[in-house]
Amino acid sequence: NAGVMQNPRHLVRRRGQEARLRCSPVKGHSHVYWYRQLPEEGLKFMVYLQKENIIDESGMPKERFSAEFPKEGPSILRIQQVVRGDSAAYFCASSPRQALELDSNQPQHFGDGTRLSIL
Amino acid sequence: DQQVKQNSPSLSVQEGRISILNCDYTNSMFDYFLWYKKYPAEGPTFLISISSIKDKNEDGRFTVFLNKSAKHLSLHIVPSQPGDSAVYFCAASAGGGSNYKLTFGKGTLLTVNP
């Protein structure tokens with residue numbers, strides 16, 4: 001079984017360009033979560049999506065950032081007009097359903113992340 | 001406002017001994033706690049979790065203890081192995097409709113020396 005696949009693994013952009021980060025969830029998982037890890041910090045929740053729906057984007061900056069999870073294809077995190085402060089590792093996770101199982105059989109499974117560097 | 005705190009940035013132990021990683025939280029709404037392990041250039045890997053209705057959960061060499069009154073949890077690894085060397089993240093979620101939203105600590109780098 002393939003895990004969560006993220007690409008590219010590394011992405012370099014100049015200030016003002018657009019960054020597109022892709023995430024293919026575990027096969028059969030219909031719930032996707034994006035997290036951002038700034039240097040020396042823990043992961044911070046950005047957005048939660050189901051197929052074709054944004055469920056919770058409370059952790060996403062209001063401007064320049066958007067996310068989608070279309071019916072077909074991977075989830076995309078899009079950052080427009082990137083700035084130096086966007087440099088971070090962006091992780092995608094997936095789960096088969098929303099609720100965390102109390103017996104821990106269904107935690108969120110993470111991809112290996114995309115390291116975004118802004119020049 | 002750091003709701004999940006891992007106050008030790010690093011920990012070094014000898015192979016075969018016990019590793020104890022600590023985590024404190026401030027949000028009393030948190031009712032589910034997880035530990036993730038992360039190697040460089042990889043994503044976090046789920047290790048073990050505990051719900052607030054329990055005070056201990058074991059899985060092989062890994063045991064998580066939860067002290068709700070102190071808002072404290074710890075991960076015990078025994079015996080520690082060199083392959084356990086990684087960054088360990090404590091994470092928590094609140095109940096209700098937003099239980100998918102994990103709040104992470106900053107992590108503790110564990111080094112197990114042969």
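Keep in mind it's a predicted model, so treat the numbers as computed, not measured. Every chain is numbered from 1 and lettered A, B, ... according to where its sequence line falls, protein lines coming before strand lines. As a basis for the values below, the full set of heavy atoms in this structure was taken, side chains included, without hydrogen atoms, waters or symmetry mates.
Two different hydrophobic clusters hold A:Y90 and B:Y100 under the rule that ILVMFWY side chains link at heavy-atom gaps under 4.5 Å. Residue B:L34 is grouped with residue B:F89 when hydrophobic side chains (ILVMFWY) are merged at heavy-atom distances under 4.5 angstrom, including chains of intermediate members. A:Y48 and B:Y32 fall within a single hydrophobic cluster, where Ile, Leu, Val, Met, Phe, Trp and Tyr side chains are chained together by heavy-atom contacts under 4.5 Å. Under the 4.5 Å side-chain contact rule for hydrophobic residues, A:V47 and A:V26 do not share a cluster. Under the 4.5 Å side-chain contact rule for hydrophobic residues, B:V87 and A:F110 share a cluster.
Under the 4.5 Å side-chain criterion, counting only non-hydrogen atoms from C-beta, A:E41 is not in contact with B:F104. Taking 4.5 Å as the limit, every side-chain heavy atom of B:L102 sits out of range of all side-chain heavy atoms of A:Y33.
Within a 6.0 Å radius of NZ in B:K68, more than 12 heavy atoms belonging to other residues, nucleotides or ligands are found. Atom CZ of B:R17 has 12 or fewer neighbouring heavy atoms from other residues, nucleotides or ligands inside a 6.0 Å radius. Within 6.0 Å of CD on A:Q81 lie no more than 12 heavy atoms contributed by other residues, nucleotides or ligands. More than 12 heavy atoms of other residues, nucleotides or ligands shown are found within 6.0 angstrom of CZ on A:R9.
Counting all heavy atoms, side chain and backbone alike, A:G111 lies closest to B:P44 at O-CD, 4.4 Å.
Only the side chain of A:Q37 comes within contact range of chain B, judged by heavy atoms closer than 4.5 Å.
Against chain B, the residues from residues 112-119 of chain A that qualify, each with a non-hydrogen atom under 4.5 angstrom away, are A:D112, A:R115 in number order. Residues of residues 35-42 of chain B that come closer than 4.5 Å to chain A, counting heavy atoms only, are B:Y36, B:K38, B:A41, B:E42, ordered by residue number.
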